[in-house]
Amino acid sequence: MKLGGLQRRCKALIRKLEIPSPFDVHTLIQSVAQRQGRPIQLMAIAMPAGSPCGLWISTASTDYIFYEKQASPLHQEHIIVHELGHLLCGHVRLTDVNNDITRRLMPTLSPNMIERVLQRTYYNTPEEKEAEMIASLILQGVHRSPSGLNQAVPEVDEAVRRVQRLLVD
Ligand SMILES: [Zn+2]
């Protein structure tokens with residue numbers, strides 16, 4: 001997919017969102033959940049070493065977004081918005097891949113299971129670029145509350161660099 005088309009598609013998706021101002025990722029997730037009529041559960045867990053920091057799993061009733069609980073708040077925010085990007089784009093749901101895996105992941109998660117699920121997910125694929133583009137576009141445009149996060153946001157810069165790297169590969 002050409003960059004222009006990708007960017008246009010992502011921007012169109014983002015325009016439909018109600019981005020809270022000042023930005024709050026939990027409020028954003030709630031508004032998406034409300035719009036889609038399905039709950040989205042945010043789950044902070046210890047992701048296995050060497051795995052990505054986030055994971056989206058869709059079950060019959062609920063979407064789950066897992067994120068690394070050890071990550072800094074800004075990094076967690078980025079992980080969550082990235083996984084939200086997958087959800088918004090309607091990328092392949094893990095339930096479609098293997099229902100059994102999802103069932104075994106829920107409600108208790110074993111790191112081994114997560115690892116196996118993650119092996120099935122795509123790296124450097126159009127889906128990853130799209131989710132990363134959405135995360136970057138959302139986070140670039142947000143207004144931070146004056147109480148803290150508005151000044152230096154090196155991790156957002158890092159996110160932008162990551163997406164740029166992805167796009168030139
Ligand atoms: Zn991803």
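Nothing fancy with the numbering, it's 1 onward along the sequence. Counting starts at 1 for both ligands and their atoms, following the listed order.
Within H86, the N, O or S atom lying nearest to the Zn ion (ligand 1) carries the name NE2.
To the nearest 0.5 Å, atoms CD (Q41) and CD1 (I65) are separated by 10.5 Å.
Geometry note: the Zn ion (ligand 1) is the vertex, H82 NE2 and E128 OE1 are the arms, and the angle is 90° (rounded to 10 degrees).
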Query raised in the report: E77 and H26: side-chain hydrogen bond (donor to acceptor under 3.5 Å, both in side chains), yes or no, with the steps?
Result: CA-CA 9 Å; E77 191 178 273; H26 294 269; over 6 Å; no
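A donor-acceptor contact under 3.5 angstrom links the side chains of H82 and H86, judged on distance only.
Because the distance cut-off is set at 2.8 Å, E127 fails to qualify as a neighbour of the Zn ion (ligand 1), as none of its N, O or S atoms comes that close.
Screening E130, E128, E127 against H91 for a side chain to side chain donor-acceptor pair (under 3.5 Å) leaves a single residue, E130.
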